[in-house]
Amino acid sequence: MKVYNPGDIADLLKLKVSTIRKYSIMLEELGYTFEKNNRNQRYYTDADIITLRKL
C-alpha cells in the first residue's frame, strides 16, 4: 500500500497543504478517520485521495 504525505496530496490535487489540513480536520469531525504515524501526523492512502478529491 502506497502512502502519501500532505505535500504529495497538495501537489496531486493542486491545493495548498493548509487546505488539505482543513479538509482533513473537517472530515475527522464528521467521523472519517485517517491513519496516523507514531507522531500523530496524518498520512494518506489512495482511498483518502479519492475522498478528498470528491470535496
Side-chain angles (χ1 to χ4, degrees):
M1 170 176 72
K2 182 159 170 79
V3 295
Y4 305 88
N5 65 44
D8 296 334
I9 302 299
D11 290 342
L12 185 66
L13 299 179
K14 297 183 180 16
L15 298 170
K16 294 180 180 181
V17 173
S18 61
T19 303
I20 299 297
R21 186 179 312 109
K22 288 176 188 177
Y23 285 176
S24 298
I25 292 168
M26 180 185 70
L27 286 168
E28 287 174 334
E29 289 172 350
L30 295 172
Y32 192 90
T33 56
F34 293 97
E35 296 293 325
K36 294 185 179 180
N37 64 17
N38 59 355
R39 295 173 63 192
N40 209 31
Q41 297 170 324
R42 290 178 201 90
Y43 61 88
Y44 301 87
T45 64
D46 291 326
D48 298 329
I49 293 171
I50 292 168
T51 300
L52 288 166
R53 191 170 283 180
K54 288 179 183 179
L55 292 177

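Computed from a predicted structure; not experimentally measured.
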Above 12 or not: heavy atoms from other molecules or residues under 6.0 Å from CD of E35?
-> no

Mind checking whether R42 and I20 have side chains closer than 4.5 Å, heavy atoms only?
-> no

In this structure, CE of M26 is separated from CG of L52 (nearest 0.5 Å) by 8.5 Å

Taking atom CG of N5 and atom OH of Y43, what is their separation to the nearest 0.5 Å?
-> 13.0 Å

What pairs with K2 under salt bridge (charged side-chain N to carboxylate O under 4.0 Å, His left out), at least two apart in sequence or on another chain?
-> none

So which of T51, L55, I9 actually passes side chain to side chain contact (heavy atoms under 4.5 Å, CB included) with Y23?
-> L55

Close side-chain approach of F34 and T45, heavy atoms under 4.5 Å = no

Find out whether L12 and R53 are in side-chain contact, i.e. whether some heavy atom of one side chain is under 4.5 Å from a heavy atom of the other.
-> yes

Scanning both residues in full, the closest heavy-atom pair of G7 with V17 reads CA-CG2, 4.1 Å

Donor-acceptor under 3.5 Å (D11 side chain, D8 main chain) = no

With rounding to the nearest 0.5 Å, note down the distance linking NZ in K36 to CD in E28.
-> 4.5 Å

D48 vs Y32 side-chain heavy atoms within contact, under 4.5 Å = yes

